[in-house]
Protein chains: 2
Amino acid sequence: MVDVNSKDAASRSLETIQRQSSGDPAKPPRWDIIELLFFAYRDFVGDPDDVLDQFGFGRAHHRVVHFVHRYPGLKVADLLDVLRITKQSLGRVLKQLLDEGYIVQKSGEADRRQRLLFATAKGEALVAQLAGLQTDRINRALKDFTPVEVEAIGRFLSAMIDRNDPDKVLQVILGQASAKTDGRTNKT
Amino acid sequence: MVDVNSKDAASRSLETIQRQSSGDPAKPPRWDIIELLFFAYRDFVGDPDDVLDQFGFGRAHHRVVHFVHRYPGLKVADLLDVLRITKQSLGRVLKQLLDEGYIVQKSGEADRRQRLLFATAKGEALVAQLAGLQTDRINRALKDFTPVEVEAIGRFLSAMIDRNDPDKVLQVILGQASAKTDGRTNKT
DNA sequence: AAGATATGTCAATATGGTTGACGTAAATTC
DNA sequence: GAATTTACGTCAACCATATTGACATATCTT
């Protein structure tokens with residue numbers, strides 16, 4: 001485990017204010033980051049909700065069609081790893097997206113048991129619209145940040161992610177992130 | 001890999017669609033931040049799950065007892081603003097936490113219709129345990145960051161949050177964040 | 001041929017969210 | 001003081017999304 005005895009000067013004042021509740025001076029909770037993450041994510045995922053409603057979809061559909069679009073040829077098993085849900089739960093949502101033509105599937109050539117998933121033009125359009133909303137928020141937030149700061153933000157988010165058993169999608173993402181910092185080209 | 005290398009084509013057509021729907025020719029989606037946020041939050045909120053299970057609670061209970069502990073005397077209405085759920089939905093979870101002694105309520109003195117919420121020692125202990133897990137992850141992630149970088153990360157998360165109608169809790173958080181950085185009120 | 005793997009499906013159940021209607025106590029307004 | 005509004009609680013129905021467990025089918029591996 002990590003030594004947490006030293007605290008950053010930047011966050012000292014807030015933690016001092018909040019210290020009285022925990023009573024554990026060795027490991028002051030990072031209330032600031034914990035709560036900022038909560039609110040940031042709340043508003044971040046809230047953006048697409050209205051649009052999704054119009055399509056009769058929920059956040060589950062968004063996640064599925066997003067990753068299928070971004071990683072064409074994704075297998076069902078990959079999707080399960082990424083979303084951390086059961087196949088029964090994925091089944092319903094995926095079936096809707098297939099029936100309504102947002103996603104198509106093809107049998108794998110090497111292994112014909114696999115169902116490789118692809119977003120249709122309709123699916124791509126939906127993903128693009130939703131990503132546009134979220135991108136607007138991100139660009140607004142990053143407006144006055146320097147490239148160095150933006151890089152640090154990405155590095156932080158990346159460092160928050162479990163490395164224990166990274167799934168296929170995550171390996172690509174983390175590979176790209178590190179390629180940005182150390183110059184290695186790691187394209188698919 | 002199989003013959004499925006339509007990724008470049010998919011990205012191109014996506015950006016075309018994106019331009020059409022948004023009217024902004026130069027607005028590439030921030031896929032990196034979008035997906036890093038997804039995975040970072042997935043793992044971040046995943047930490048407390050095992051502990052919550054042992055208590056027979058879910059993430060809803062965590063959110064409620066967390067904010068009650070952090071902002072003692074919170075009103076029910078405040079909690080509804082923060083969590084963005086309905087009172088019926090909150091009711092069930094809150095009742096459990098009250099019945100099992102994690103939270104108590106007192107009538108407001110100025111306005112006796114209000115039920116002011118407070119965490120008990122039992123509730124505080126639970127919050128502390130859960131916050132400890134998340135703090136460990138945050139400290140691990142921030143281990144090699146400079147104070148300046150940490151400040152930028154907090155500023156980014158803060159900038160991702162809606163300012164339209166900040167609830168009471170959010171005002172406190174944003175107030176502290178801006179006080180930490182420049183001591184001025186942030187009305188952007 | 002036997003077994004393992006990838007996926008789909010049926011069924012039951014749980015959690016956490018919704019809308020709508022209604023009730024009560026207390027504060028505010030006329 | 002009466003009327004209205006506010007803060008909160010509750011009942012009831014419903015929905016979205018998740019779970020576990022069992023089983024089926026096709027296909028790959030040994």
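Labels below follow one simple rule: chain letters A, B, ... track the order of the sequence lines, proteins then strands, and each chain is numbered from 1.
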### Task
State whether B/Gln96 places a side-chain N or O below 4.0 Å from either non-bridging phosphate oxygen (OP1 or OP2) of C/dG16.
no
### Sequence-aligned protein contact record of nucleotides 22-30 of chain D, with B where the base is within under 4.0 Å of a protein heavy atom and S where only the sugar-phosphate is
B---BBS--
### Query
Taking only N and O in the side chain of A/Arg84, is any of them less than 4.0 Å away from OP1 or OP2 of D/dT17?
no
### Message
Restricting to side-chain hydrogen bond (donor to acceptor under 3.5 Å, both in side chains), what partner residues turn up for B/Asp167, sequence neighbours left out?
### Response
none
### Message
What is the separation between atom CG on B/Asp78 and atom P on D/dA7, rounded to the nearest whole Å?
### Response
10 Å
### Query
Which whole-number value in Å describes the distance from B/Asp49 CG to D/dA18 P?
13 Å
### Task
Estimate the overall bend of the helix from C/dA1-D/dT30 to C/dC30-D/dG1 from the end axes over five pairs each, rounded to 10 degrees.
30°
### Query
Would one find more than 12 heavy atoms of other residues, nucleotides or ligands at under 6.0 Å from atom NZ of B/Lys122?
yes
### Task
Using only heavy-atom distances, decide whether a donor-acceptor pair under 3.5 angstrom links the side-chain of A/Arg92 to the base of D/dA18.
yes
### Message
Using whole Å, what does the distance between atom P of nucleotide C/dG8 and atom NZ of A/Lys75 come to?
### Response
13 Å
### Query
Is it the case that A/Arg140 and A/Thr135 place a side-chain donor and acceptor less than 3.5 Å from each other?
no
### Query
What is the ring orientation for B/Phe145 with A/Phe156, classed by angle as parallel under 30°, tilted 30 to 60°, or perpendicular over 60°?
perpendicular
### Per B/Ala77 side chain, nearest of listed nucleotides D/dC8, C/dG17, D/dG9
D/dC8
### Task
Look up atom CG in B/Asp144 and atom CD in B/Glu149, then write down how far apart they are to the nearest 0.5 Å.
9.5 Å
### Query
Expressed in angstrom and rounded to an integer, what is the separation of A/Leu94 atom CG from D/dA18 atom C1'?
16 Å
### Message
For a quick test of reading the model: is some side-chain N or O of B/Thr86 closer than 4.0 Å to OP1 or OP2 of C/dT18?
### Response
yes
### Task
Look at the side chain of A/Ala60 and decide which nucleotide, out of C/dG16, D/dT20, D/dA18, has an atom nearest to it.
D/dA18
### Query
Within this structure, what is the CG-to-P distance between A/Leu52 and C/dT18, rounded to whole angstrom?
16 Å
### Query
Any donor and acceptor pair, going by atom type alone, linking the side chain of B/Asp136 with main-chain N or O of B/Leu133 inside 3.5 Å?
no
### Message
Check this for me: does the side-chain of A/Arg59 come within 3.5 Å of the base of C/dG17 through a donor and an acceptor?
### Response
no
### Query
Rounded to the Å, how far apart are B/Leu83 CG and C/dT18 C1'?
15 Å
### Message
Are A/Phe67 and B/Phe39, when compared by the centres of their aromatic rings, separated by less than 6.0 Å?
### Response
yes
### Task
Establish whether B/Val172 and B/Ile161 are linked, either directly or via other cluster members, by ILVMFWY side-chain heavy-atom contacts under 4.5 Å.
yes
#### Entry: Proximity of B/Tyr102 and B/Phe57 rings by center, below 6.0 Å
yes
### B/Gln171 atom CD, neighbour heavy-atom count above 12 within 6.0 Å
yes
### Task
Figure out the CG/P separation between B/Leu90 and C/dT19, and round it to whole Å.
15 Å
### Query
Separation of A/Lys95 atom NZ from D/dT17 atom P, in whole Å?
16 Å
### Query
Counting any heavy atom closer than 4.0 Å, what does B/Gly58 reach on the DNA or RNA strands: base, sugar-phosphate only, or nothing?
sugar-phosphate
